[in-house]
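Here the structure comes first, spelled out in structure tokens, and everything after it is commentary.
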Amino acid sequence: MPAGSTRGGQRHLGGTMRQDAWWLELLPVIFLLGAFGIYATLRAFEGTYYEWGPYLSPFYSPLIDRHHRWWPLSPALLILVWPLGFRVTCYYYRKAYYRAFFLDPPACGVSEHRKHRYRGETAFPFVLQNLHRYFLYVGFLFLIFLWRDAFRAFFFDGRIGVGVGTLVLLFNVILLTTYALSCHSLRHLAGGKLDCFSCAAFGGPRHKTWQWLSVLNERHMLYAWISLITVGLTDLYVRLLASGAITDLRLL
Ligand code: FES
């Protein structure tokens, strides 16, 4: 019997014949996703310290109704649902948090605790995970704003310059773009549902695009984590500047 098998009647939560410490891989997910979730929630509700000089926090971009003419709460709350929805419905993150937070299942070859009939993602609320491709489309719109922010970060009072924050914003948007380009839905959009590229309209360009996206897609998990950490750190950097806790180092 394979090491990962749950046969033999071991259907209680955590039942497995695996000999390795399978639960170890859950810990970084719990820690990182948990820490990011708490930090992002606090920052989204804070509503201040999101801008310094030419730098704008990615949590607040695009900045809507900054003077609270019609929206009394934090501007971040107006846009949060889109990047959050994109991450929450991401195929990789789904696997990660289903395992780490719902223990459903806790790991490969480890039993979950199930009282009810398994319906996967075919019933509410998990059927909403199928909205991922639409969050992707809106995500690209957000990337346009973030690239604009990175571009603006090169201008200090009308003069071209480079600060540490410029590089931080630039690095952040490059990683977020890489994460979005490595998306499974995007890869499917380019080359999914096709048995024959040469028989399809625009088959050649689609095949090339699909090949490039596949290269990125192989490391989707890596980009998911790195971009999550860097977007949080980018916001933190802008917050520390805006609150006066640190000063920005001008490089040029
Ligand atoms: Fe992860 Fe689309 S599958 S972003």
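Counting convention: from 1, in listed order, for ligands and their atoms alike. Values in this document were obtained by computation on a predicted structure and should not be read as measured data.
- Around atom 1 (Fe) of ligand 1, the protein atoms of type N, O or S that sit closer than 2.8 Å are Cys90 SG, His220 NE2.
- The environment of CZ in Phe171 is sparse: at most 12 heavy-atom neighbours from other residues, nucleotides or ligands sit within 6.0 Å.
- A cation-pi arrangement, defined by a distance under 6.0 Å to the six-membered ring centre and an angle within 45 degrees of its axis, is present between Arg94 and Tyr91.
- Comment: Arg18 engages Asp20 in a salt bridge, judged by a side-chain N to carboxylate O separation of less than 4.0 angstrom.
- Ring centroids of Phe126 and Tyr98 are separated by less than 6.0 Å, placing the two rings close together.
- The aromatic ring centroids of Tyr223 and Tyr179 lie 6.0 Å or more from each other.
- Between His113 and His12, the ring centre distance reaches or exceeds 6.0 Å.
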